[in-house]
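Keep in mind it's a predicted model, so treat the numbers as computed, not measured.
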Amino acid sequence: MKKKSSGIARILKKRKTLFIAETILFLLTIIGLGQEGSMFGFCFVSLILHTLLLVYLILKDAKDLKCPSDNPLLSGMTLDFVKKLDKPVMIVNKAGIISWYNDTFIEASGAKTALYGKSITDEISHTLNSARLFREEYSSLEVTLENVQYNVSCRVISSSGEDFCVLLWDDISELTYVKSQLDSKNTLIAFVVIDNFSEAMQFVQDKSKTASAVIAGELESWSTSIGGIIKEYDRDKYFLAFEKSNLETLRENKFEILDKLRNLTIDDEAMQFTASIGVACVDGTLSEKEAASRSCVDLALQRGGDQAVVKMDSTMEFYGGRSQTVQKKTKVRSRVVANELSALMNQCSNVIIMGHKYADHDCIASSVAVSRMAKHLGKQVNIVVNIHDFNLKAIFNSLRGNKEYTDLFIDREYAQELMRADTLLVVCDVNNVKLFEVPEIYEAASNVVIIDHHRKTADFENEPKIAYIEPAASSVSELMSEILENVLSPGELPPVEANLILSGIILDTKQFTKNTGVRTFGAALYLRSEGASPYEAQKLFRTSVEDFMRESQFENNIHVYRDCIAISTFEGKATNSDRIAAAKAADRLLSIEGVSTSFVLCTIGDEISISARSDGNINVQLVLEALGGGGHFDAAGAQVKGHTMREVLQMLKESIDSFLNV
């Protein structure tokens with residue numbers, strides 16, 4: 001009887017509002033009996049309809065009361081089922097205190113004492129804290145318990161007005177093991193290019209077949225050691241396939257095959273062969289892996305060769321890069337690039353040219369060379385540059401008075417106004433987006449071309465139509481001279497521009513004493529035939545007495561590190577115009593006996609600027625990459641923010657030690 005009364009009370013409580021409305025309608029109907037008009041009829045009809053609805057809902061509620069959800073038999077069966085379930089089950093309250101667990105959990109946890117009333121975080125796993133458990137997004141967590149891996153499903157329930165979390169533990173150890181086995185046997189694709197074979201064999205052509213066989217044998221042994229297969233698909237180019245489980249061995253050994261190839265002996269004669277290797281450890285189809293690996297080997301070649309580039313899911317790893325690049329003799333690629341660049345310019349409405357921040361002679365000269373090509377094709381062209389840069393004063397003075405250059409140079413604000421959907425952006429003498437004169441223009445451009453001679457640091461977010469990056473070239477001025485030679489008719493390059501382009505080559509070759517090759521002198525010969533004068537080109541480097549004295553201050557605080565590295569720190573506050581002075585000081589420090597590498601540090605604004613130079617024994621680009629910089633094998637730079645001079649000096653020394661101790 002008590003149970004029946006309880007059921008009626010629940011119905012009355014649930015339908016309380018409807019019972020009140022029924023009472024009000026009944027009273028209104030009684031009142032309406034003594035009134036004229038239609039009030040009684042309206043109230044009576046409403047009362048009848050409401051009564052029918054109320055009766056229907058009461059009958060429905062009465063039927064629901066008979067539902068077996070409150071049946072003690074069902075509750076007992078449910079509890080018994082959970083207790084005997086072959087999966088561990090646990091219940092914790094909102095404070096993360098263990099309220100209950102089944103027998104299977106006791107066996108899985110190996111607990112020797114009762115866990116009731118104890119913290120799940122302290123006793124089971126730090127992963128299972130109450131804040132995470134009661135958040136809907138953390139409905140499934142991976143936890144290791146007694147060397148068994150579980151997937152823990154979390155479900156929040158309420159009982160007696162209190163929230164609890166039911167944890168169901170699924171053993172996924174076997175599934176995890178199978179996945180790891182499949183992952184370790186995942187096939188990776190790599191490409192190997194012997195990037196200096198022709199140059200190394202140019203004087204011993206009779207040994208080329210022997211050398212090819214020795215190289216192939218060395219690569220075959222290397223491939224076998226990692227359980228892979230390697231096939232030559234073109235001259236000096238190889239395709240390698242191996243299992244992912246062996247990649248860690250290659251990374252630990254830092255791709256020792258690079259050193260083995262560099263130290264090969266052909267008929268008792270030492271031969272230094274260098275290779276570029278590209279490996280992509282990414283998910284996808286074999287076709288996607290092949291494309292990613294090709295991109296990696298291209299990056300290795302653009303960084304100067306003699307190195308391996310490994311692409312992981314979200315990072316790029318570099319190994320090697322300890323040899324100078326060898327300049328190629330052929331100009332085939334420059335002719336191809338000239339044709340491709342001409343085609344892109346013909347399709348665009350205007351051309352915008354941009355170099356790096358704090359532009360130097362090579363940057364401006366190569367930009368002017370690109371502008372000459374655009375003018376030849378009848379295109380509107382502008383060069384984005386800091387027109388107030390004191391270091392470019394001599395260059396601007398050499399062009400002053402000629403109407404052709406009046407509107408050629410523009411600032412960053414006007415450049416953004418000139419951007420259109422079909423604008424072609426040409427970037428010269430830089431491939432690191434952080435160092436672009438105006439990065440925003442690069443991000444907004446649909447058509448981008450990059451021409452550079454610095455080693456590539458990473459993949460481009462905005463993929464260029466042409467990426468002509470030749471670390472073996474002395475300068476971008478050299479590259480553009482070759483392109484202009486293919487595009488312009490003889491005598492079409494103005495002498496003032498020929499002088500400027502020659503000055504770019506002079507700057508980056510230290511007056512033809514470094515990084516020169518057959519193509520470098522070929523470019524100079526072309527410029528000379530177009531009216532360039534070495535004397536006029538040298539005049540662009542003249543400095544005032546004040547600047548000369550300022551430069552000498554960068555050489556007053558020098559110490560030699562590790563017996564061969566000169567480091568100069570300028571304690572005063574430098575300006576942007578002092579960047580050139582710091583670079584010149586770094587060049588002069590190499591003239592000190594016993595010094596093979598130099599670094600000049602100075603404070604400019606809120607950053608520490610570093611200029612580095614090397615005689616070829618140390619790759620300063622790799623040293624400064626660790627500090628966020630980059631550049632060339634023997635000439636590089638970096639700008640470090642957020643650190644003091646002392647901290648940056650310590651970071652530099654650690655990077656040097658890391659390079660030398662490999």
Side-chain angles (χ1 to χ4, degrees), residues 187-280 286 289-290 293-310 318-333 470-472 517-519 616 633 662:
T187 300
L188 298 186
I189 292 174
F191 287 96
V192 182
V193 177
I194 308 300
D195 44 43
N196 72 330
F197 185 84
S198 298
E199 288 70 29
M201 303 303 298
Q202 59 183 319
F203 300 117
V204 284
Q205 289 294 331
D206 57 314
K207 297 182 180 180
S208 61
K209 291 184 178 180
T210 304
S212 294
V214 172
I215 292 172
E218 196 68 45
L219 291 174
E220 186 69 39
S221 299
W222 173 60
S223 170
T224 302
S225 70
I226 58 173
I229 57 170
I230 191 166
K231 298 295 179 183
E232 186 175 13
Y233 67 93
D234 199 355
R235 185 184 178 188
D236 310 328
K237 297 179 181 179
Y238 298 84
F239 173 91
L240 171 67
F242 62 100
E243 291 182 351
K244 183 179 178 180
S245 57
N246 293 299
L247 178 60
E248 192 59 36
T249 302
L250 296 178
R251 295 165 71 189
E252 288 177 358
N253 295 334
K254 299 185 183 298
F255 286 81
E256 60 182 0
I257 185 64
L258 296 172
D259 298 322
K260 290 181 178 179
L261 291 175
R262 207 181 300 116
N263 299 319
L264 278 183
T265 300
I266 310 297
D267 293 340
D268 298 326
E269 186 175 350
M271 293 283 186
Q272 276 208 345
F273 294 104
T274 61
S276 296
I277 303 173
V279 184
L286 288 176
K289 293 178 182 178
E290 187 259 1
S293 294
R294 282 192 184 276
S295 175
C296 289
V297 78
D298 287 342
L299 177 57
L301 288 166
Q302 290 168 350
R303 286 171 56 85
D306 187 32
Q307 60 191 284
V309 175
V310 181
F318 305 99
Y319 301 88
R322 308 180 73 82
S323 297
Q324 279 272 34
T325 53
V326 179
Q327 192 176 73
K328 306 290 185 182
K329 285 184 174 183
T330 177
K331 296 184 181 180
V332 172
R333 193 177 181 201
E470 285 282 351
V518 174
R519 290 170 62 180
F633 190 99
V662 171

Looking only at heavy atoms, the pair that brings Gln307 and Gly320 closest together is CB-C, 3.9 Å
Kindly indicate whether the side chain of Ile257, heavy atoms from C-beta on, has any atom under 4.5 Å from the side chain of Leu219. yes
Checking Asp306 side chain against Thr274 main chain: does a donor-acceptor pair fall under 3.5 Å? no
From CZ (Arg262) to NZ (Lys260), nearest 0.5 Å: 13.0 Å
Rounded to the nearest 0.5 Å, what separation is found between the NZ atom of Lys237 and the CD1 atom of Ile194? 11.5 Å
Close side-chain approach of Leu299 to Phe318, heavy-atom, < 4.5 Å: yes
List the atom of Ser276, the atom of Gly305, and the distance in Å for their closest heavy-atom pair. OG-CA, 3.2 Å
Please report the interatomic distance CG(Asp236) to CG(Asp195), rounded to the nearest 0.5 Å. 9.5 Å
Would the distance check show the side chain of Glu218 and the main-chain N or O of Trp222 forming a donor-acceptor pair, the cut-off being under 3.5 Å? no
Within 45° of the axis and under 6.0 Å from the centre of the six-membered ring of Tyr319, does NZ or CZ of Arg251 qualify? no
To the nearest 0.5 Å, what is the distance between CZ on Phe242 and CD1 on Ile226? 5.0 Å
Interatomic spacing from CG in Asp234 to CZ in Phe239 - rounded to 0.5 Å: 14.0 Å
Run through Val192, Ile277, Val193 and flag the one making a side chain to side chain contact (heavy atoms under 4.5 Å, CB included) with Tyr238. Val192
Note: Phe191 and Ser293 closest approach over all heavy atoms is CD1-CB, 3.7 Å
CZ/Arg294 to CD1/Ile189 distance, rounded to the nearest 0.5 angstrom? 9.5 Å
Given side chains that start at C-beta, do those of Val309 and Val279 come closer than 4.5 Å, heavy atoms only? no
Can you name the closest pair of heavy atoms from Leu261 and Ala275 and give their distance? CD1-CB, 3.6 Å
Student check: side-chain heavy atoms of Arg333 and Glu470 closer than 4.5 Å: yes
